[in-house]
There are 2 protein chains.
Amino acid sequence: MSVPLYQAKAELFRTLGHPARIRVLELLQGGPKPVRELLAAIDVEASNLSQQLAVLRRAGMVTSYRDGPLVMYSLSTPDVADLLAAGRRILGAVLTDRDALLDELRAGGTGPAPDAATSTGLDGSRAGQSR
Amino acid sequence: MSVPLYQAKAELFRTLGHPARIRVLELLQGGPKPVRELLAAIDVEASNLSQQLAVLRRAGMVTSYRDGPLVMYSLSTPDVADLLAAGRRILGAVLTDRDALLDELRAGGTGPAPDAATSTGLDGSRAGQSR
DNA sequence: TGAGCATTTGAAGAATTCCGCAAGTGGTAA
DNA sequence: TTACCACTTGCGGAATTCTTCAAATGCTCA
């Protein structure tokens with residue numbers, strides 16, 4: 001009963017682990033929108049967007065209904081916005097931490113000493129590729 | 001400059017998209033802990049845990065340092081706790097929404113009408129396994 | 001110095017996820 | 001009815017992620 005809890009949480013977050021899906025949720029924060037509009041704003045193929053929407057639907061984060069000729073999507077709960085906001089905050093915190101460390105290193109790190117398992121997480125070389 | 005932003009956000013969330021990693025972060029909310037302890041609490045192989053820790057490290061969510069014979073890990077920013085809390089809230093919201101719908105269906109849904117693209121996200125068959 | 005614990009790293013295969021194309025489905029309007 | 005949008009689904013292949021085993025690496029303590 002509590003083991004699959006972590007599984008559920010992980011699935012929840014993994015649902016957000018895709019740029020297009022994040023984009024969709026952010027756009028939907030402004031209210032319900034038809035697929036057309038999402039499609040116009042996001043730059044992915046229609047079928048791909050549809051699949052991402054299906055993922056969000058299955059996760060219960062959005063709901064859809066038909067309005068005349070178009071299908072509208074909306075956030076199923078405003079809490080989603082909180083999650084995105086929290087994400088933004090962390091991203092900020094983590095990034096500035098990195099920058100701070102980076103600056104520190106640049107300054108000539110005689111302080112923390114780069115030995116131990118000080119793992120900074122910075123790496124400098126990971127814009128677009130591979131593992 | 002803003003296109004990779006969604007990419008970064010997605011990566012952040014994807015980092016949380018694994019049960020063991022979630023578990024680690026939750027455990028670390030109680031303060032720094034040695035790998036030993038995490039290992040004892042999580043039930044995954046040592047090497048696997050180590051890899052998950054590496055993922056968290058690379059993402060900048062945790063930091064590690066050595067204390068005598070053990071390596072200690074801790075949250076790199078308390079904001080992480082917020083994220084987890086937000087996740088919990090959503091999970092709650094989403095799940096109760098599902099249950100509500102489920103009840104509604106069971107009651108004999110003559111109301112909302114199961115036509116259209118009413119996508120409930122429920123599925124009934126996904127308790128503990130798969131992936 | 002040498003044994004031994006605590007962790008990490010590498011590698012390879014299995015399992016998932018992602019992506020675009022082709023083929024539906026459903027509703028609207030001629 | 002037919003033609004046509006607006007979307008969704010099915011499918012195969014490419015790319016990632018996960019998992020486990022074997023082999024380091026780093027310390028600490030006899």
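In what follows, chains are A, B, ... by sequence order, proteins preceding strands, each numbered from 1.
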Participant: How many whole angstroms separate atom CG of B:Leu53 from atom P of C:dA6?
Facilitator: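 In whole Å, C:dA6 P lies 16 Å from B:Leu53 CG.
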
Participant: To the nearest Å, give me how far apart CD (B:Gln52) and C1' (D:dT17) are.
Facilitator: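 One finds 9 Å between C1' of D:dT17 and CD of B:Gln52, rounded.
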
Participant: Please report the distance, rounded to the nearest Å, between CD in A:Glu11 and C1' in C:dA15.
Facilitator: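 A:Glu11 atom CD is separated from C:dA15 atom C1' by 15 Å.
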
Participant: Check whether any side-chain heavy atom of A:Tyr73 lies under 4.5 Å from a side-chain heavy atom of A:Thr63, and answer yes or no.
Facilitator: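 A:Tyr73 vs A:Thr63: side chains apart.
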
Participant: How many whole angstroms separate atom CG of B:Leu49 from atom P of C:dT7?
Facilitator: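 One finds 9 Å between P of C:dT7 and CG of B:Leu49, rounded.
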
Participant: So do the side chains of A:His18 and A:Gln52 get within less than 4.5 Å of each other, counting heavy atoms only?
Facilitator: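 A:His18 vs A:Gln52: side chains touch.
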
Participant: Are side-chain heavy atoms of A:Asp82 and B:Ile90 found at a separation under 4.5 Å?
Facilitator: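 A:Asp82 does not reach B:Ile90 side chain to side chain.
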
Participant: At under 4.0 Å, does any side-chain N or O of A:Tyr73 touch on OP1 or OP2 of D:dT8?
Facilitator: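 For A:Tyr73, the contact criterion (side-chain N or O under 4.0 Å from OP1 or OP2 of D:dT8) is met.
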
Participant: Determine, for nucleotides 20-28 of chain C in 5'-to-3' order, which nucleotides have protein heavy atoms under 4.0 Å from the base (write B), from only the sugar-phosphate (write S), or from neither (write -).
Facilitator: BBB----SS

Participant: What is the distance from CZ of B:Arg14 to C1' of D:dA15, rounded to the nearest Å?
Facilitator: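 Atom CZ in B:Arg14 sits about 11 Å away from atom C1' in D:dA15.
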
Participant: Rounded to the nearest Å, what distance is computed from the CZ atom of residue B:Arg58 to the P atom of nucleotide D:dC18?
Facilitator: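 So the two atoms are 10 Å apart, to the nearest Å.
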
Participant: Over how many whole Å does the gap from A:Ile22 atom CD1 to C:dC18 atom C1' extend?
Facilitator: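 Checked: the CD1 to C1' distance equals 16 Å.
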
Participant: Measuring only between side-chain heavy atoms, which start at C-beta, is B:Arg21 closer than 4.5 Å to B:Leu16?
Facilitator: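 Side-chain contact under 4.5 Å: no.
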
Participant: Any side-chain N or O of A:Ser50 under 4.0 Å from OP1/OP2 of D:dT8?
Facilitator: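 For D:dT8, OP1 or OP2 has a side-chain N or O of A:Ser50 closer than 4.0 Å.
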
Participant: Which nucleotide in the set C:dC19, C:dT8, D:dC7 lies at the smallest distance from any side-chain heavy atom of A:His18?
Facilitator: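 Taking heavy atoms from C-beta onward, the closest nucleotide is C:dC19.
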
Participant: Is a side-chain donor or acceptor of A:Ser76 paired with a backbone partner of A:Gly60 at a separation under 3.5 angstrom?
Facilitator: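 Side chain of A:Ser76 to backbone of A:Gly60, a donor-acceptor pair under 3.5 Å: yes, one is there.
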
Participant: To the nearest Å, how far apart are B:Asp67 CG and C:dC5 C1'?
Facilitator: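 After rounding, the reported distance stands at 15 Å.
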
Participant: Keeping A:Ser50 on the side-chain end and A:Ala46 on the backbone end, is there a donor-acceptor pair under 3.5 Å?
Facilitator: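 Looks like no, no N/O pair under 3.5 Å.
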
Participant: Determine, for A:Arg88 against A:Glu26, whether the closest basic-nitrogen to carboxylate-oxygen distance falls under 4.0 angstrom.
Facilitator: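 The answer is yes: the pair qualifies as a salt bridge.
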
Participant: Check the phosphate of C:dC18 against A:Arg21, side-chain N and O only, distance under 4.0 Å to OP1 or OP2. Yes or no?
Facilitator: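 Yes, because at least one side-chain N or O of A:Arg21 sits under 4.0 Å from OP1 or OP2 of C:dC18.
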
